[in-house]
*Asks:* 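Input: one structure, supplied below.
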Amino acid sequence: MPDESDILGQEQPDDPFAARLVKVAAMRASGDEPYKARYDRTHLAAGLHAEHKDLPAGEGSGVSASVAGRIMAKRDQGKIAFLVLRDGSGEIQLFLRSDALGEARFRETVDRIDVGDWVGAEGEVVRTRRGELSVVPADVVLLSKSLRPLPEKFHGLTDVETRYRQRYVDLIANPEVRQTFEKRFAIISAIRRFMESQGFLEVETPMLHPIPGGAAARPFVTHHNALDMDLYLRIAPELYLKRLLVGGFERVFEINRSFRNEGISVRHNPEFTMLEAYEAFTDLQGMMRLAEGIVVAAAEAACGTLQIEYQGVQLDLTPPWPRRTLVELASEAAGEEVSFARSVEDLRRLCDRHGVPFEPSWGKGKLITELFEKLAEHAIIGPMFVTDYPLETSPLARKKPGAPELTERFEVIVVGREIANAFSELIDPIDQRERFEAQARAKAGGDEEAMGYDEDYLRALEYGMPPAGGLGVGIDRLAMLLTDSPSIRDVILFPHMRPEA
RNA sequence: GGGCCGUUAGCUCAGUUGGCAGAGCAGGGGACUUUUAAUCCCAAGGUCGCAGGUUCGAGACCUGCACGGCCCA
């Protein structure tokens, strides 16, 4: 990579980077700082288009405006030049004229400015003969010199690896990427407003956990030097939020990152964003209404409608969503009854017959859950509440009355994917202790995703937790759904990547 | 973890049966006073992902590795 000293002797280097360094050096030599401190603008591009929408082609407005942004295109025609300036609101053309700037200054300005530079300009707002609203600058200021050429203007940046690694270039080259993220943040903002409108208080709980809990997942481990102890990046905020119910907060939620030390795929990033909400004195029915309300608020904010299309599939998000039990759906997909009435050996044979791999340590509940996930879940268009998850895989959910092997739990499935998960919360400290003991046995048996035994959480339950419903929503997956994005990496600004080759 | 595919100029892509590395855009020089992917002329631009192998000769064929994508687990 050349630096300024390398190119001082060269007048017109061919290399774009070097050519731009020459311009930087020339500006500095003439006392014009190429990286300025500020620029006071009067207008945004979109504001000018709105204010002057009735200005006829070929006429001047008689009013002056100053704008600032990045130069996206340059069309030099000798005595005039057109620059396309993009700011945060949109684009506005700069119509540089030698008769407005003076011939020498016009030439110097046009030669000095490259596509990619940040520029401020002030002058009369006009509409050209061809109908393009433009600013005819009496003054053009180079605010920040870009040294690297932007991707080709017509095709943009398409290499997905570069798009994810250099999101800043992706955002410059591909305007729809910006729209996707604007939608993502509109979704999150709408969900916050909805939760607050329902009387929920947004809280912050620890991300560094002494005992990983609240989900079945392998954690990231880190180390606190002063305390000389290992800590875990949280896999879920659940157990802390429920401690707050014990403390007397009746409606709380948190929207923030959790971390899971697992594979990366189109649906998994090591750090991801979840909403978790807990409401005292309600149950699974209340969580169904809450889940529907959240998705409706998010869809209206992002899409303005509940009729959406995801990857070619038409979806109607209008509540109420249908409810089916997990065992029912697994049985339909397997073509025979999948139930706790069958023996473990029988369920294993069923797995074999359908090509579903299993571990010898799995009980009926895990086998049935696996059959559902492998045979039925992917085919559900939804949105659908899948209910009655087995107790074996739901260590924090209340038992279903009259069905001791099942829990009062649902997942919301849309286009074959889990986007939300909820229970009537397990508030019985004696039952919870037994569940933790079962998890501890599974962990001892080699299950690295089994939940840790959290004695302080049990102590909290022993003080008494009110009846409650709890809900988790995968914000990244919801954003994928509402922005029609095929990969989670499309809705995470800086997705995790291996180091560059 | 397995299978398949990809990696060529800053970007987007060609590259035939193994025979001198190509185009457009961007960048450089020139022309142009209403352009919209401006247009026209000229010149320049390469560690063909990396390392081996086969061959008189490899961007292409073989092996390994790296990174990425898709599918499966």
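In what follows, chains carry the letters A, B, and so on, assigned in the order in which the sequence lines appear, proteins first and then strands, with residues in each chain numbered from 1. The shown structure was predicted, so the numbers you read here are calculated from the model rather than taken from an experiment.
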*Asks:* Is there a Watson-Crick or G-U wobble partner for B:rG22 with both distances under 3.5 Å, and if so, which one is it?
*Replies:* B:rC13

*Asks:* In whole Å, what separates the P atom of B:rC65 from that of B:rG59?
*Replies:* 22 Å

*Asks:* Is it the case that the base of B:rU33 and the side chain of A:Arg129 share a donor-acceptor contact (distance under 3.5 Å, atom types as modelled)?
*Replies:* no

*Asks:* What distance, rounded to whole Å, do you find between the two P atoms, one in B:rG52 and one in B:rA60?
*Replies:* 14 Å

*Asks:* CG of A:Leu150 versus P of B:rU12: gap in Å, rounded?
*Replies:* 13 Å

*Asks:* If you assign A:Phe95 and A:His155 each to the RNA chain B nucleotide with the nearest heavy atom, which residue ends up on the more 5' nucleotide?
*Replies:* A:His155

*Asks:* Can any side-chain N or O of A:Ser134 pair as donor or acceptor with the backbone N or O of A:Val136 at less than 3.5 Å?
*Replies:* no

*Asks:* Ignoring hydrogens and geometry, is there a side-chain-to-backbone donor-acceptor pair from A:Arg70 to A:Gly116 under 3.5 Å?
*Replies:* yes

*Asks:* How do A:Lys74 and A:Gly78 order along RNA chain B: which one's closest nucleotide is nearer the 5' end?
*Replies:* A:Gly78

*Asks:* Judged by atom type as modelled, is there a donor-acceptor pair below 3.5 Å linking the side chain of A:Asp352 to the main-chain atoms of A:Gly355?
*Replies:* no

*Asks:* For the C1' atoms, the ones on B:rG27 and on B:rG53, what distance do you get once it is rounded to whole angstrom?
*Replies:* 39 Å

*Asks:* How many Å lie between CG on A:Asp99 and C1' on B:rU33, as a whole number?
*Replies:* 8 Å

*Asks:* Taking A:Thr393 for the side chain and A:Tyr389 for the main chain, is one N or O donor matched with an acceptor at less than 3.5 Å?
*Replies:* no

*Asks:* I'd like the C1' distance from B:rG6 over to B:rC42, given in whole Å.
*Replies:* 36 Å

*Asks:* Give the rounded distance in Å between these two atoms: CZ of A:Arg75 and P of B:rA38.
*Replies:* 5 Å

*Asks:* Between B:rU54 and B:rC67, how far is it from one P atom to the other, in whole Å?
*Replies:* 28 Å

*Asks:* Quick one: is A:Lys153 getting a side-chain N or O under 4.0 Å of the B:rC11 phosphate, OP1 or OP2?
*Replies:* no

*Asks:* If I take atom CD in residue A:Glu152 and atom P in nucleotide B:rC25, what distance separates them, rounded to the nearest angstrom?
*Replies:* 9 Å

*Asks:* So which nucleotide does B:rG28 pair with, by the Watson-Crick or G-U wobble rule with both distances under 3.5 Å?
*Replies:* B:rC42

*Asks:* Report the nucleotide, chosen from B:rA38, B:rU12, B:rU34, that has the shortest atom-to-atom distance to any side-chain atom of A:Phe82.
*Replies:* B:rU34

*Asks:* Which is it for A:Asp447 and A:Arg218 under the salt bridge (Lys or Arg N to Asp or Glu O under 4.0 Å) test, yes or no, and what are the steps along the way?
*Replies:* CA-CA 10 Å; A:Asp447 181 355; A:Arg218 295 180 63 178; over 6 Å; no

*Asks:* If you measure from the C1' atom in B:rA51 to the same atom in B:rC13, how many Å do you get, rounded?
*Replies:* 27 Å

*Asks:* Just call it for A:Gly263: base, sugar-phosphate, or nothing, with non-hydrogen atoms closer than 4.0 Å on any strand.
*Replies:* nothing

*Asks:* Looking at A:Leu83 and A:Lys74, what are the two nearest heavy atoms and their distance?
*Replies:* CD2-CG, 3.5 Å

*Asks:* Roughly how many Å is it from CZ in A:Arg163 to P in B:rU7, rounded to a whole number?
*Replies:* 19 Å

*Asks:* Under 4.0 Å, counting only non-hydrogen atoms across every strand here, what does A:Thr158 touch: a base, just sugar-phosphate, or nothing?
*Replies:* sugar-phosphate

*Asks:* B:rG6 pairs with which nucleotide, Watson-Crick or G-U wobble, both distances below 3.5 Å?
*Replies:* B:rC67

*Asks:* Using the P atom on both, measure B:rC25 against B:rG1 and round to a whole Å.
*Replies:* 45 Å

*Asks:* Distance check, P atoms only: B:rU47 and B:rA66, in whole angstrom units.
*Replies:* 24 Å

*Asks:* Please report, rounded to the nearest Å, how far the C1' atom of B:rU33 is from the CD atom of A:Gln77.
*Replies:* 8 Å

*Asks:* To the nearest Å, give me how far apart CD1 (A:Ile71) and P (B:rU36) are.
*Replies:* 18 Å

*Asks:* Distance check needed: B:rU12 P versus A:Ile172 CD1, whole Å only.
*Replies:* 14 Å

*Asks:* Does the protein touch nucleotides 68-73 of chain B at the base, only the backbone, or not at all? Give it as B, S and - per nucleotide, heavy atoms under 4.0 Å.
*Replies:* SSS--S

*Asks:* Can you give me the closest heavy-atom contact between A:Arg41 and A:Ser66, atom names plus distance?
*Replies:* CA-OG, 3.3 Å

*Asks:* Counting Watson-Crick and G-U wobble pairs only, both distances under 3.5 Å, name the nucleotide matched with B:rG52, or none.
*Replies:* B:rC62

*Asks:* For A:Ser30 and A:Asp32: C-alpha separation, side-chain torsions, deciding distance, then whether side-chain hydrogen bond (donor to acceptor under 3.5 Å, both in side chains) applies.
*Replies:* CA-CA 6 Å; A:Ser30 68; A:Asp32 186 7; 5.4 Å; no

*Asks:* Report which part of the nucleic acid A:Asp76 touches: base, sugar-phosphate, or nothing (heavy-atom distance under 4.0 Å, all strands).
*Replies:* base

*Asks:* With a distance cut-off below 6.0 Å to the six-membered ring centre and an angular limit of 45° from the axis, does A:Arg234 pair with A:Tyr232 as a cation-pi contact?
*Replies:* no

